Amino acid sequence: MLKLTDVSVKYGSFTAVHDINIEVNAGEIVVLLGSNGAGKSTTFRTISGLNRPAAGELVFEGNKLNRRPADQIVQMGIGQCPEGRKLFPAMSVEENLRMGAFVHRRKRDQIKHSLEHVYELFPILKEKRHDAAGSLSGGQQQMVAIGRALMSKPKLMLLDEPSVGLAPLVVEQMFETIQKINKEGTTILLAEQNANAALKIADKGYVFENGTIVLEGTSAELFANDEVRKAYIGA
Amino acid sequence: MIFLETKQLTKRFGGLVAVNNVDFAIEQGKINAIIGPNGAGKSTFFNLISGFHPPTSGQVIFKGQDITKLPSNKIAELGVARTFQTTNLFEQSTVLDNVIVGHRLRTKSTLVDAILRTPRLKREEAQCREKAMEVLEFVDLQHIAHKPVAGLTQEEKKRTAFALALATDPEIVFLDEPAAGVNPDETEGLAELMKKMVNKGITVCLIEHKMQMIMRIADKIMVLNYGEKIAEGKPEEIQNNETVIKAYLGGSASA
Amino acid sequence: MEILIQQLFNGLTIGSVYALVALGLTLVYGILHIPNFAHGALYMMGGYITLTMMTRFGLHYWLAIFVSIIVVGLLGVLMERFVFHPLREAPPIHDKIAAIGILLFLEAFAQFYWGAEYQSMPTPYGQIVEVFGLTLTMQRILIVVAAVVVMFILYLFLKKTFTGATIIAMSQNREGANLVGINTNKVAMLTFMISGGLAAIASSLSAPINLVFPGMGHLVILKAFVIIILGGMGSIPGAIVGGYIVGFSESLGATYISNDYKDIIAFLFLVLILTVKPTGLFSKGGSH
Amino acid sequence: MTNVLKQRNVVIILILFALAFPMMTSNTYMIHVMTLSFIWMIGVYGLNLLAGYTGYLSLAHAGFFAIGAYSLGLLTVKAQMNFWLALVLALVITCSIGLVVGAIALRTKEHFFAIYTLCLGYIIYLVIDKWDSLTEGVRGLIGIPAPAPIGPITFETEKAHYYFVLFFLLLVVLIMYRIVHSLSGRTYIAIRNSEDLAQTIGISTKTNKLTVFVLSTFFAGLSGALYASFVRFIGPDIGSTNIVFDLLTYLLVGGIGTLSGPIVGTLLIVWLSQLLQDFQQYRMLIFGPALTLLIIFAPRGIVGAVATWNMNRKLKKYPNNQARSGRSRNDSLVKSEIVPEKQVKEG
């Protein structure tokens, strides 16, 4: 479904991501692991068109993504719940969600359905639908961000560290929800520092270190691997 | 006397508690590291100590003096230096020119001195230049002292930023992700440089994500998670600390 | 008492014009975070184009205003495309200077093309009416009513349509907007179009009671800046409320303090505000 | 080293040329224009010190220009004061107002500062325009005297006035040169570069910014006072924003944040405007777009462009050089990659 071949991304003279290869098949949950600054977010930004790759090829369902602007990539069916959430803080929860359906703005019925669906996944959002998104707690904001990405009915959803800043209990619920979304037919590419929780729900994973992929394998393989542990706490 | 410590340091941004009741003592002459997952409040903690943000509550004590409410330039005068994640250097001028101003706080000449070219100004300029060359030699950049910053590699820029901090004659330097954005072998070089600083008697405190490096060089590590201190100790202790592993790997610490 | 009411009505009239100009300014500030110093020149161009359409092409007042909205709106779009867009990543001092360059050009252009002399704009609404014992000109009533209508339409557009909401969304988080599939370039152009259009409406409405001349935008734009600092940079309700506050204080100041110094009132406001709160009223605390 | 020598030679040749200029032409009009451009240069240096070296774009400087001019004018015409005493007092008055205004204005930053100073400039203009009883309002002040003779030296002729102004210009250039090449100059550049960083290396940004602001109003006031005594007539117009926009154009064309930029830019534009004499009124049809295009394509003006070219040549001398200056766009992205905590706050 999504294939990255030898992709490199540079910021000025600094190579943030170097020659990475990633393959995501339809229906999978794929996780990118690695510490902060290892290159996960850069990879995401490149897939969603916010950054331009310096080399390599990105292909989504047979179409090249390389030079497309971010808004077109959303239309092609890649939704992103970005690092830092990037919500519209002064807009209400519902307005945020509606903006998520921007690419489907003419399909009123569909928007209504998607909205209901998001409220089903996150009942608390329905309660707070008239509150400003910026006034919610971190976990609830994360829900809005995921909900907003869902509203575009993506075929592939990119989730950049959905567990950041969330209390452990909420993290667990978050991952359950992610699994649920996946079961409903959305392919998921996840970046996480929370290796344990992520590997539990993922089919396969890639481990990033210093901008390159040092390890890849099924979740079971990675779960048992000492390198993963090393990558995280240097043990 | 404790060298530098924070007492119940707390910072709130709106409803979010970025740093929550952190007590931390920095040991003199050692490499102290602060680690933690993304969003744990490390940078905020740094900013509180260096006088960049006022804390919501709590205190920062440096050599027995309460520096909580001092503006950052006063804190610098007391011997506390810091670097930023992004280097913020003046790209158009040379490495040396960038570093010279670092010693400004130890000089007294004023605008009048500048206009009249007084002996004091000349003396102090020479002094600043000397200091700059000295710290450039220390960070091993003397060979490119006259090269414009715009043409430097990321690692060289980091070293220039170190030099600038060192030019203030600090007793302690705070380094905010010194190795972010540099290659693995260059990271090695920066680690060596930090050890060298400590050997020279300058206390180092850093935030870093490159765990292998931290575990190798740090004498003491504090771990933050959700703005709270969850562990503190030597690298070995941290590596085997259940809470820390849980914070990093998540879920039950079975891995 | 009668004078007071008369002055209050005058304040309402001036305030309406200020609010329209400030709205355009605040919209652009919201999405690009630049103070558009050239906005006053757009206001001036609006006045001249309406005037030319009426006198040279014999268009009806309303039709002339319509043409003016389109032309000035497009002028705004050109500015965005060719000046502010390329400067998006430049240091903050750059776009201010660029805007000043545009301002100087447009003023020189107006002087070159239309001449430096003051011109008056005819209006089909010159009649004088008496309402509740007050003597008012139709034009002034028109200004107040039209401003309210325009603001209401703008409100509906921003609040009730998807396209309008994209402007709000983009002002709150540009990358976030990009990631839900909004073409941020298009939104930026649209915003400049609206901003220019509002300036054109404001000047076309007020020109019949003032005059048309190359420097007519100077004072208005300065006051509009004061207004958006008063109401919060980027805030839409703030621009409206601020516009009326400045309008009222000016007309009252002119009566009860000094007509000569009435223009200073707005600036004294500003000096006061920024002296007490350097980041402006209603700025979000804790940023940076 | 050869570079320094070359630079010094250029400076000496320029000074000699400036000294010889009145001798080379018998056309007093040309001397008049040259004197005027020297006066503008002094004002441009004031703007340059603040905007170019410290990073604060002040749009109130036409106001300070006017304060300098009116102070001198009023003290000599209305108070019948000795010229030299009046000149000193005029500068003291300008700087005092500058000190008060600066203390308030510098609490703001970036666009707030620009807007604030723009409005302050307007207030100054309005006060001059409306305070009839003091300033004569739109009628203007006439009969401002030329400098009083010092012993045998008189300043009545165009040539004498030329040298009088040139003296001040050279003084200002010398002061600027010394400031820029001193610890103080480095301090200001550090502030322009990043106030946060400057503060953490122990620089009191507050004091330094205020010092610069006052000194820059001093230059503006000096320029205004010289203008008043040279033109002999002043009206409220000299405080209008057009003046500050003119100064800004000179600065930008020459090169903001460069030492020779004000001279290059002012000479070029003033003489260019003379060539387009009939077009004078509409000069902004060309200079307006020029300002905009310059800031997009050559933000550091003519002098800056030459300097950049020189630097790139110098860079090439180092073979291990990896890449040219990382564009700011990329830098900001790097930031977003490695400053996650800031973004958490945003949410």
Side-chain angles (χ1 to χ4, degrees), chain B residues 13-14 16 18 38-44 50-52 71-77 81-86 88-93 97 100-102 104-107 109-111 113-117 121 124-125 128 144 147-154 164-165 167-168 177 180-181 209, chain D residues 174-176 178-190 192-194 196-208 211-212 214-215 257 300 304 307-308 311-312 314-318 320-326 328 331-332 334-335 337-345 347:
Chain B
F13 292 107
L16 186 84
N38 225 342
K42 303 178 299 288
S43 288
T44 311
S50 56
F52 236 66
S72 46
N73 60 314
K74 293 281 177 228
I75 293 179
E77 275 174 34
R82 72 165 288 177
T83 65
F84 291 87
Q85 278 176 3
T86 39
N88 274 331
L89 296 166
F90 182 30
E91 301 268 328
Q92 265 84 36
S93 61
D97 278 332
I100 285 177
V101 76
R104 175 74 170 124
L105 79 170
R106 305 288 170 214
T107 63
S109 65
T110 61
L111 188 65
D113 289 288
I115 294 171
L116 301 179
R117 280 270 129 133
L121 176 85
E124 289 186 346
E125 272 190 0
C128 285
I144 50 166
K147 189 172 169 182
V149 168
L152 300 189
T153 65
Q154 192 66 25
L164 183 57
T168 64
E177 296 201 28
H209 282 292
Chain D
L174 180 72
I175 291 176
M176 280 297 290
R178 287 190 161 180
I179 291 175
V180 172
H181 292 94
S182 75
L183 285 177
S184 297
R186 291 179 191 282
T187 314
Y188 306 150
I189 294 175
R192 174 189 69 185
N193 202 22
S194 162
D196 288 349
L197 184 63
Q199 188 97 21
T200 51
I201 56 170
I203 291 167
S204 164
T205 49
K206 222 186 215 171
T207 324
N208 279 293
T211 315
V212 170
V214 172
L215 187 61
R300 302 216 309 141
T308 311
M311 191 182 87
N312 284 343
K314 220 169 151 188
L315 270 179
K316 277 187 197 138
K317 283 199 289 196
Y318 293 86
N320 66 336
N321 174 32
Q322 285 210 339
R324 289 247 221 102
S325 66
S328 56
D331 286 347
S332 70
V334 171
K335 231 189 273 169
E337 168 77 4
I338 54 185
V339 197
E341 265 171 313
K342 250 197 188 138
Q343 294 177 345
V344 171
K345 260 183 270 161

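All chains are named by letter (A, B, ...) in the order of the sequence lines, taking the proteins before the strands, and each is independently numbered beginning at 1. On a predicted model such as this, the values are computed, not experimentally measured, just so you know.
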[options]: which one forms the most heavy-atom pairs within less than 4.5 Å of chain D?
options                                  : result
Pro71(B), Ala167(B), Ser72(B), Ala76(B)  : Ser72(B)
Thr83(B), Ile115(B), Thr168(B)           : Ile115(B)
Arg106(B), Lys74(B), Arg82(B), Arg117(B) : Arg117(B)

Taking side chain as everything from C-beta outward and backbone as N, CA, C, O, which of these in [X] sits under 4.5 Å from a heavy atom of chain D? Side chain, backbone, both or neither.
X         : answer
Ser50(B)  : neither
Asp97(B)  : both
Ile75(B)  : neither
Thr107(B) : side chain

* Under 4.5 Å from a heavy atom of chain B, the part of Ser194(D) involved -> side chain

* Which region of Leu215(D), side chain (C-beta onward) or backbone (N, CA, C, O), has a non-hydrogen atom less than 4.5 Å from a non-hydrogen atom of chain B, or is it both or neither? -> side chain

* To do: List in chain and number order the residues that pass ring-ring contact (aromatic ring centres under 6.0 Å, His included) with Phe90(B), two or more places apart in sequence or in another chain; answer none if no residue qualifies.
  => none

* Pairwise side-chain contact, Ile189(D) with Val101(B), heavy-atom cut-off 4.5 Å (strictly under) -> no

* Please list all pairs passing the salt bridge (charged side-chain N to carboxylate O under 4.0 Å, His left out) test where one or both residues lie in residues 196-205 of chain D, with sequence neighbours left out. => none

* To do: Identify the two heavy atoms, one from Arg104(B) and one from Ser184(D), that lie closest to each other, and give their separation to 0.1 Å.
  => NH2-OG, 3.8 Å

* Asked: chain B: which of Ile179(D), Leu183(D), Thr200(D), Ile175(D) shares the most heavy-atom pairs with it under 4.5 Å?
  -> Leu183(D)

How long is the straight-line distance from [atom2] of [Y] back to [atom1] of [X], given to the nearest 0.5 Å?
X         : Y         : atom1 : atom2 : answer
Asn208(D) : Thr110(B) : CG    : OG1   : 10.5 Å
Asn73(B)  : Thr205(D) : CG    : OG1   : 6.5 Å
Thr187(D) : Leu105(B) : OG1   : CG    : 10.5 Å

